[in-house]
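Note sheet for the following structure.
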Amino acid sequence: MIQLQRNYNNNTLNDGELSQPYTRTYEEYLSLARIPHCDGVPARVINALHLRVGHTDLSIEQIASDLNLTKRTLQRRLQSQNTNFAQLRDDLRFHYSIKYLIDDNLSVDLVSRALDFSDRTSFTNAFKRWTGLSPSTFRKLFRDFS
């Protein structure tokens with residue numbers, strides 16, 4: 001699979017040769033992991049998460065406190081802008097997971113802790129949901145891109 005991905009990146013595969021349709025190029029994963037631009041309360045949440053990521057708790061209670069809001073008020077304000085805290089935090093975690101795995105070459109355990117997952121398995125499951133690959137496989141495929 002590693003060789004297939006590298007060949008795919010070099011455009012040497014013929015149609016139908018890639019047996020893993022979910023595998024994308026590194027640039028496509030980076031594009032998917034971009035934190036979407038937002039305004040208002042969602043932007044404030046993203047900024048608060050940026051300040052905390054890798055250092056401390058990323059819970060809605062902590063972010064609401066950072067914004068001088070109650071948890072419920074924060075939820076209502078996000079809902080009024082058609083988003084929710086879990087999705088914003090997920091977007092940020094996906095973005096940082098790629099940075100930490102490839103650019104910073106952190107272990108899967110350290111990435112899991114930095115992104116405030118309850119354990120490595122929770123992080124691995126989320127990463128598979130985002131990319132279709134385990135963090136270890138992702139790193140093996142794209143370690144040369146840092």
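Quick caveat: nothing in here was measured; it's all calculated off a predicted structure. Note that these values count all heavy atoms, side chains included, but never hydrogens, waters or copies made by symmetry.
- Rounding to the nearest 0.5 Å places NZ of Lys99 at 10.5 Å from CG of Leu115.
- Judged purely by distance below 3.5 Å, without hydrogens or angles, the side chains of Thr137 and Ser134 pair a donor atom with an acceptor atom.
- Proximity of Trp130 to Leu32: side-chain heavy atoms (C-beta onward) are nowhere separated by under 4.5 Å.
- Across every non-hydrogen atom of Ser97 and Val111, the tightest pair is CA-CG1, 4.2 Å.
- Arg24 and Phe142 make their closest contact through O-CZ, 3.4 Å (heavy atoms, listed as atom of the first residue, atom of the second, distance).
- Phe94 and Thr131 get closest at one heavy-atom pair: CE1-CG2, 3.6 Å.
- Heavy atoms only, all atoms of each residue included: Ile60 and Leu74 are closest at CG1-CD2, 3.9 Å.
- Criterion: ILVMFWY side-chain heavy atoms under 4.5 Å apart, direct or through other members. Under it, Leu51 and Ile46 are not part of a common hydrophobic cluster.
- The closest side-chain donor-acceptor pair between Asn105 and Arg139 falls under 3.5 angstrom.
- With rounding to the nearest 0.5 Å, the separation of CG in Leu30 from OG1 in Thr25 is 8.5 Å.
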Inset, instruction - Before giving the answer on side chain to side chain donor-acceptor pair (under 3.5 Å), spell out for Asp57 and Ser59 the whole-Å C-alpha distance, their side-chain angles and the decisive distance to 0.1 Å. - result: CA-CA 6 Å; Asp57 185 8; Ser59 70; 3.1 Å; yes
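- Taking the six-membered ring where tryptophan is involved, the planes of Phe138 and Phe127 are perpendicular, since the angle between them exceeds 60° and thus also 30°.
- For the pair Arg143 (side chain) and Ile102 (backbone), a donor-acceptor distance under 3.5 Å is absent.
- Taken from CD1 in Ile35 to CZ in Arg93, the straight-line distance is 13.0 Å, to the nearest 0.5 Å.
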Using residues 75-82 as the side-chain source, report each donor-acceptor pair under 3.5 Å to any protein atom, sequence neighbours left out, with the distance given to one decimal.
| residue | atom | partner | partner atom | Å |
| --- | --- | --- | --- | --- |
| Arg76 | NH2 | Thr73 | OG1 | 3.3 |
| Ser80 | OG | Arg77 | O | 2.7 |

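- At least one donor-acceptor pair under 3.5 Å links the side chain of Asn47 to the backbone N or O of Ala43.
- Checking side-chain atoms of Arg120 against main-chain N and O of Leu110 turns up no donor-acceptor pair under 3.5 Å.
- When all heavy atoms of Val108 and Pro135 are compared, the pair lying nearest together is CG2-CB, 3.8 Å.
- Of the N and O atoms on the side chains of Ser122 and Asp119, at least one donor lies less than 3.5 Å from an acceptor on the other residue.
- Within the structure, salt bridge (Lys or Arg N to Asp or Glu O under 4.0 Å) pairs that include any residue of residues 58-67 comprise Arg52-Asp66, Glu61-Lys71 (at least two apart or interchain).
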Inset, instruction - Test side-chain contact (heavy atoms from CB on, under 4.5 Å) on Tyr29 and Ile98 and set out the steps. - result: CA-CA 8 Å; Tyr29 284 117; Ile98 290 178; 4.1 Å; yes
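- Looking at Arg34 and Asp91, no side-chain N of the basic residue comes within less than 4.0 Å of a carboxylate O on the acidic one, giving no salt bridge.
- Nearest heavy atoms, Asp103 versus Tyr26: OD1-OH, 3.9 Å.
- With respect to Phe117, the ring-ring contact (aromatic ring centres under 6.0 Å, His included) criterion is satisfied by exactly one of Tyr100, Phe123, Tyr96: Phe123.
- Distance check, rounded to the nearest 0.5 Å: CD1 of Ile63 to CG of Leu49 gives 4.0 Å.
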